[in-house]
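Below is one structure; the comments refer to it alone.
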Amino acid sequence: MTKAGTSVVDMKRLDGAEVALRLGAFLAEREADPATRGAAVAVVGAGGDLVAFGAHTSCPSLPRLLAPRKALTALLFRRPSAVVAREVKEGALDLAPFHDPRMLAMAGGLPLVCAGEVIGAVGVSGLPPAQDVAVAEAFARGLLA
């Protein structure tokens with residue numbers, strides 16, 4: 001487990017080892033709940049690099065692929081991927097000009113904001129969209145607390 005008082009953020013960068021420990025504990029806590037079992041969770045750093053990834057053993061392959069893409073989308077656009085999805089659906093945003101197949105307009109990605117700066121993002125996939133968002137919010141709250 002984590003040491004008491006250990007921070008996830010060091011000089012506005014995510015500590016990958018600490019994030020991975022917290023992610024493992026977070027997934028273990030939620031595996032017993034049928035409403036959250038089967039999820040994949042990805043955390044990307046400020047540069048879009050994958051900092052941590054975890055998934056329940058019951059999580060299929062597709063959500064494992066989508067979680068990092070949701071996180072990257074939230075990071076790049078500095079807003080929840082659900083907002084990006086709504087903007088795409090309404091025609092206010094077109095992802096095609098970016099020529100990046102990793103961007104994904106689906107709910108479940110949230111930017112991680114520390115002291116007013118986006119330091120990374122979390123993406124959750126494998127559950128219904130509202131549950132993906134709720135799990136992402138819960139993980140982000142715990143991570144940055």
Side-chain angles (χ1 to χ4, degrees), residues 2 5-31 33-56 58-145:
T2 63
T6 303
S7 176
V8 172
V9 181
D10 179 31
M11 298 178 65
K12 297 191 181 180
R13 290 188 52 153
L14 293 172
D15 177 343
E18 185 63 24
V19 172
L21 285 171
R22 292 192 189 190
L23 178 55
F26 180 84
L27 285 169
E29 290 169 4
R30 277 146 185 84
E31 193 158 22
D33 183 352
T36 57
R37 185 180 321 123
V41 180
V43 179
V44 297
D49 51 311
L50 187 62
V51 172
F53 176 84
H56 292 132
S58 60
C59 182
S61 299
L62 185 58
R64 292 169 185 264
L65 174 70
L66 299 181
R69 294 175 64 189
K70 290 179 180 187
L72 181 65
T73 301
L75 173 75
L76 294 174
F77 287 97
R78 305 286 199 254
R79 54 186 175 268
S81 61
V83 172
V84 173
R86 186 181 71 239
E87 292 170 343
V88 167
K89 183 178 179 181
E90 294 171 350
L93 177 65
D94 181 7
L95 298 181
F98 296 102
H99 302 288
D100 191 338
R102 297 172 301 161
M103 290 183 192
L104 184 65
M106 291 179 74
L110 292 175
L112 296 171
V113 181
C114 180
E117 288 189 38
V118 177
I119 60 165
V122 60
V124 176
S125 192
L127 307 171
Q131 276 299 103
D132 281 351
V133 172
V135 171
E137 290 171 344
F139 183 69
R141 268 193 314 275
L143 192 63
L144 297 176

Q.
Please identify which of these residues, Leu143, Val43, Leu23, meets the side-chain contact (heavy atoms from CB on, under 4.5 Å) condition with Val122.
A. Val43
Q: Using side-chain contact (heavy atoms from CB on, under 4.5 Å) as the criterion, point out the one residue from Leu104, Leu66, Val135 that pairs with Ser125.
A: Leu66
Q.
Going by the rule ring pair (Phe, Tyr, Trp, His ring centres under 6.0 Å), which residues pair with Phe53 if we only count those two or more places apart in sequence or in a different chain?
A. none
Closest non-hydrogen atom pair, [X] against [Y]:
| X | Y | value |
| --- | --- | --- |
| Ala71 | Gly123 | CB-N, 3.4 Å |
| Ser81 | Gly108 | OG-N, 3.3 Å |
| Val118 | Pro111 | CG1-CB, 4.1 Å |
| Ala52 | Val19 | CB-CG1, 3.7 Å |
| Cys59 | Arg64 | O-NE, 3.0 Å |
| Gly38 | Leu127 | C-CD2, 4.5 Å |

For the [atom1] atom of [X] and the [atom2] atom of [Y], what is their distance to the nearest 0.5 Å?
| X | Y | atom1 | atom2 | value |
| --- | --- | --- | --- | --- |
| Ile119 | Leu14 | CD1 | CG | 4.0 Å |
| Met103 | Leu93 | CE | CG | 9.0 Å |
| Phe77 | Leu72 | CZ | CG | 9.5 Å |
| Met106 | Asp132 | CE | CG | 7.5 Å |
| Thr73 | Arg79 | OG1 | CZ | 10.5 Å |

Q: Could you tell me whether a side-chain N or O of Glu31 sits under 3.5 Å from a main-chain N or O of His56, the two making a donor and an acceptor?
A: no
Q: Check whether any side-chain N or O of Arg69 sits under 3.5 Å from a backbone N or O of Arg102 as a donor-acceptor pair, and report yes or no.
A: yes
Q) Within a strict 4.5 Å, meaning less than it, do heavy atoms of the Leu76 and Val84 side chains meet? A) no
Q: With sequence neighbours excluded, tell me which residues meet salt bridge (Lys or Arg N to Asp or Glu O under 4.0 Å) with Asp49.
A: none
(Q) With side chain to side chain contact (heavy atoms under 4.5 Å, CB included) as the criterion, how do Lys70 and Val124 come out once you've worked through the C-alpha distance, each side chain's angles and the decisive distance to 0.1 Å? (A) CA-CA 7 Å; Lys70 290 179 180 187; Val124 176; over 6 Å; no
